[in-house]
Amino acid sequence: MQFFYSGITSGSIYALVAIGFNIIYNTTGIINFAQGEFVMLGGMFIYSMLYMMNIPFVLAFPVALFGAFVLGVIFERVFIRYVKVKSELNLITITIAGSIILRGLAMVIWGRDTLLVESFVPSKAINVYKGTITTDSLVVIGISLVISFLLTFFFKKTKYGKAFRACYEDKIAASVCGINVKAVVMFSFGIAAFLGAIAGVVVSPITYVTYSDGIMTGLKGFSAAVMGGLGSFWGGIFGGILLGVSESFFASVFPSGYKDAMAFLIILFILFFRPQGLFGRKKATRV
Amino acid sequence: MENMWQHEEETMSLDELRQFQLERLQSTLNRVSENVDFYKNKFKQCNIDITKIKSLDDIKYLPFTTKQDLRDNYPYGMFAVPLKDIVRIHSSSGTTGKPTVVGYTRRDLETWKNLVARIMVAGGVSANDIVHIAFSYGLFTGGFGLHYGAEHIGASVIPVSSGNTKRQIMIMQDYRSSVLVCTPSYALHIAETMQNEGISRNDIYLKYALLGSEPWGEKIRAEIESRLGVTATDNYGLSEIIGPGVSGECLYKNGLHINEDHFYAEIINPDTGEVLPEGEKGELVLTTLTKEAMPLIRYRTRDITRLFRDKCPCGRTFIKMEKPSGRTDDMLIINGVNVFPSQVEEVFKEFDQATPHYMIFIKKKGHLDLMEIQLEISENLFFDEMKKQRALLEKMNERMFNVLGIKPKIKFVEPKTIERFEGKAKRVIDERQF
Amino acid sequence: MLRLNNVSVNFGGVKALTDVTFDVPAHKITALIGPNGAGKTTLFNSITGFIPHFTGEIHFHNVKLNGKLPHEIFHIGISRTFQNLNLINELTLRENMFLGVIGKEKPPIFKSFFRLNKGYWKNVEQRIDDMLYLTGIKKWENSKPGSVPYGVLKNLEMARALISNPKILLLDEPAAGLNSKEKENLAELIGMLNTKGHTILMVEHDMSFVSTLSDYVVCLNFGKLIARGTFDEIRNSPDVIKAYLGDEDA
Amino acid sequence: MRKLNLSFIIFNLITLFFISRYIENEYYLSLIIYIIFNAINASCFNILLGYAGIISLGQAAFFGLGAYTSGILSATYGINPYATIIIGIIITAIVAFIIGYPSLKLHGHYLAMATLGFGMIVYICFNEMDFITAGPSGLTGIPNISFFGIEIGSEYKFFIFLSVFYMIFITLMEFFDKSFISYKLRFIHESENASSSYGINVAKVKLTTFVVIACVTSINGSLFAFYSNFISPVSFSFKYSIELVVMAVFGGLGSITGGSIGAAILTFIPEVFAEIEDYEMVIYGGILAITILFFDGGIAKQFKRLVEKYVKIK
Amino acid sequence: MKMLKVKSLFVNYGAVEALKNISLHIKEKEFVALIGSNGAGKTSLLNAIMGIVKPKDGEVIFNDKNITGFPPERKVKEKIALVLEGRRVFANMTVLENIEVGAFTSDNKNFIKRLKFIYDIFPVLKERSWQPAGMLSGGEQQMLAIARALISEPKLLLMDEPSMGLAPLVIKDVYEKLLILKETGLTIFLVEQNAAAALKYADRGYVLENGKIVLQGKSKELLEDNEIKRAYLGKEYKEKWER
């Protein structure tokens, strides 16, 4: 049962990242290769504020998220909007470029060392059914749950959330409804970065932060998104949890070093055999 | 508010009108360049891309169409639709070469009907009138054009056609015709015949006369109005364009409102082809905007007039043209000087003693041209003493020289010696051999 | 020559084609017309192997096309063009012509790579020359697609399809996007091909183009064949008129 | 058939000749050797992406497969280097086929992610299978390769040896660029539907290209192993794949010169300006972004345009 | 007063000219139809008016304001609404959510009132307000698309092929709704392939052929015009003489 608990913990992180992927994918059709970097930056921000500027966590947390949001918006403005030939290859390459830049900057600013972040809550292991779960994990799971519900509320109940969903379904139809699609695209990068940063912050006491964390987290988030079916909100959450659990199950059976390989094997199998995701349905081709 | 047939169209704002004209011009161009070989080739020849005609001003880049073009494409070459869509064919007389043929689709006839109705209503006609049409029916557009317009208004139409003036007068008396439709010279002829028969204007019931198809002046209008007891308005049209219905006067009688939403009018310098600004005198050029069967682009009417847009008290916003003061092809060259017969008429109008009946003869005397004008003068003056006659003649000669730049020989003749015309008057006899 | 027998195509429950049956006669121009969404492109895609899951049968010279892949169908002798041009912008028009050759003839890789079969390629060049002359675009041969008029590119596409010497040529809206002069040129070209004995099946919207060219017209609406015959017959068929202009009782 | 344009080959030949004559500094020679390795790898990536439109983010893995096969077989089992190269090719071909067969049905993002995932798996295997790869600390004791009895030990000798390989590679590239095969790949890149309806078996051509390129990369990897005598997984990480992308895109996609130019500049700059080492990644990313945003077609094309403009003015 | 004026509009897609010198206008409270066969450029015109594609040349003037370059969302603020070709409802959102998205730019205060107005005209939408839009029939989706456009209180409603893919009876239903809307003072401009249906209900019409307007006039006049048939089905004559 233990692997299940740790799986859910990492799974909720993947889920947050996957949702970030999905939000951007839905509005732009882009897989943002820099999504993982926002997770890393979330951790970096919170580290800087807690330990370099001595800002209390309650304040640092929202500021870090806001910082990431702004960065996401800037990312879109600088890299995405001005791509002249918006071919898929160019968009892939530009997000890769963005991710290298962010990673490189992180390395320059925070160095190559792993940075330690202390738990935000008193660290304690709690015994639950057939295993233990740490308070840090509970924070991760709790915040992920809260975020999922907030996002659900945003998308289902608010005017702007509905505008986002309209853009997902049909950008032209959304624009003739008076929605500024460009702004939605910009904000979707902001929100994706925001979600990534949340993941980065909450996971930082568990995994600590290094400048190069982004690639792995990003790829796993992507795997989670693909598992759940690209573009699907709940699919991303399920995919994340599923990936987290199967990963820790895998790690309990095979040498733990192969844990990461497992995630990629899953990507490959899903891409080869069910590119529409485990839960997605094949889109009917329009005549 | 004045009575109008199509109030919305006739009072549209300039801005709106321009939009209508542009749209219709462009679609006409699209159609002719596709369906009329003459225009297709002509545009190609002149290297004109019709999609470059983006505003009404750009029309100046388009080539003219002349009567000769129509003759060259005799009979159906200018048609934009196949013959099976044509429901009516009219034609000009063809005295000077091949006649010109004009076709109408069902929709053209509908349009025409409405346009004529517009000018008839403007000239005072209503559904209560009995319209006496003394235009000749037949290939000539005048008779049928006004006929259907009048019917469309709901008036009772008497298609008398031309000729047998005495019978016409009888019909007018018995059938109580309230509107007379004919040429101005025929109206005069009727008046004269009535006088000869001893029928006074009170014996007939005419209220309005819609006169057209030849140039006439205020003097003739005054004479017709007083002798027939009518309000006479002018209307203008030419068969190549559509027939009557191109323009017509309202009861304020100061210029003919052009049905601009269907015809785009320009004034050009007849020699250079350059477009003249509003208000200047020159040749009238018309472009049909809605005709289907035979659209014409920049058709040179050869009528000399002036366009002006004023705030007509009748409420119509369409631009007005002056009564055509001559035709570019009527122009006579007398010893190198351009003379329009209309100018002669203008001079005569200044003199009360002159009647509207005159004749111009041009002869060769040695190497020189000689212009002789015979003028009927009023009976009492003719039998008056020579001195008065001579004084008048001298005054006229002087005016003529001022206006024409040459000195024609003016000869007074006895009343009723000059031929009267039932159709278009032909007042120039050129006997020179070229 | 090409025979469709009760061809039906289903897209997730939507019937895109329903029991379409007709022949494309040899050495004639057949036009496929119909309003938007009538299923013309679906039909083309079924013939050329892009939609493998149709029911019914498509035969070409007694060869059954069901289940064949696009490149296999091409090798049987059916060549098609697409609505968009699919030219390579970095190559000249002449070089783009090669694309019509290399799929058909499968030049020997090793020899061609090291240029050991000059004679073969010379022959190919000669055929390309002929085709460029035939389609009237020889003078543009060294230009790149971005710098020539659209009509020239359309002609190039025809030339490229022709050089593989197909038994039947399927044209997908050949006149789309052309101005009237270019249309005339293209019509002339297609007419000439026809006199040379080529069989052509084309989807086209422009009726004047169809009327001047086609020997037979097949009209589809809502995935069903509603009329076939000569252009004049089609044009006066009440079903066709209704399909295009709509029903006044609506 | 287009004429061969030998100018780039000749230019390379002259450059290499002068280098062999005048550069003796081992450091510079080793830098140039790295440039050549990168040039070949970047050119291979360029053929995939620039010509055929296949985005492969796992090229480092094929490079590593060659290197590790040769390294392990020669160091641990003492097999003849040339034999190990061939075994490397065979292994790579098999792996490339297994990966390429399903993944080449994917396009764009999916293909990028699949190849990236593949690269990651291979990288992880290099790290974790320490019983044969010696794990993250690296594999040592790889022998030198010899050529007709001459052991290629020194930097200079290896430079000459690699130059020959590079010249063969570049010449084949030129032949390829001017052959109908490059047309075929470009056609597939332009439209798979159109090319298949012109009789091209798209899946077959793509897979063949992918496998052949993987094999060339693998040879390059084997040579790399014999050059450095030591290999560790870091050289074959995701980062290296991305560097190849930057080199090819910056140099110019779809041209034979692009890979080499990109490799030369992007290998040279960070090495020479050692003080900016920390900024290396930012610079790479920046160059990539600027190339995409402003110089569509890379600097090869910009350079060509400049030359054309200059020539035209003249 | 004129509501919408289009002056000499050109639209290009790459090298292809889709619209060539299009001028037209719609007056307030008019119901105008632009008809033409497929490929004539109808959708391009609406897209250019709405700002979905940028015209190459020409002007779009709305209530004396030049709105040529405005993106679609600004056109909505100017009170123009477009019902796209093929309806394009947000299939995974409910009917009510679709309408709410349509109201994105407008005041929340009026929403209930407007919704009631729309539900009165389209009672079927009220019945189905909680269903995903993708579950509706074609005709219902068309109604929803109109409703989504109407909720922003447009002065001018643009429609792209409302009859597409619908059965004749449903087409009739849709057009009758449009007539009701016209009665409420809405100005309507639609493009249609189905000439017979459009001209039956519209006041005025334009005929588009190969990206050019070739005819215009009152709907009644156009309905009987042979030129329309030619615009759709090509010339039936080779010589003018043919009868």
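Just the heavy atoms: all of them, side chains too, but no hydrogens, waters or symmetry mates, feed the values below. Numbered from 1 within each chain, the chains take letters A, B, ... in sequence-line order.
For the pair A/K162 and E/E100, the salt-bridge criterion is met [side-chain N within less than 4.0 Å of a carboxylate O]. Checked for salt-bridge contact, E/E85 and E/K42 miss the test: no charged N lies under 4.0 Å from a carboxylate O.
Between chain A and the residues E/T105, E/V76, E/I80, the largest count of heavy-atom pairs under 4.5 Å involves E/V76. Across E/V101, E/I52, E/N98, the residue that shares the most heavy-atom pairs under 4.5 angstrom with chain A is E/V101.
For a residue to count as touching a neighbouring chain, one of its non-hydrogen atoms must lie under 4.5 Å from one of that chain's; by this rule E/A149 does not touch chain A. Heavy atoms closer than 4.5 Å to chain A are found in the backbone of E/S106, but not in its side chain. Only the side chain of E/M50 comes within less than 4.5 Å of a heavy atom in chain A; its backbone stays farther off.
Aromatic rings of A/F79 and A/F75 (six-membered ring for Trp) have centroids within the 6.0 Å cut-off, being under it.
Heavy-atom neighbours of A/F4 CZ from other residues, nucleotides or ligands within 6.0 Å: at or below the threshold of 12.
Counting only residues at least two apart or on different chains, the side-chain hydrogen bond (donor to acceptor under 3.5 Å, both in side chains) pairs with a member in residues 137-146 of chain E are E/R87-E/Q142, E/R128-E/E140, E/S137-E/E140.
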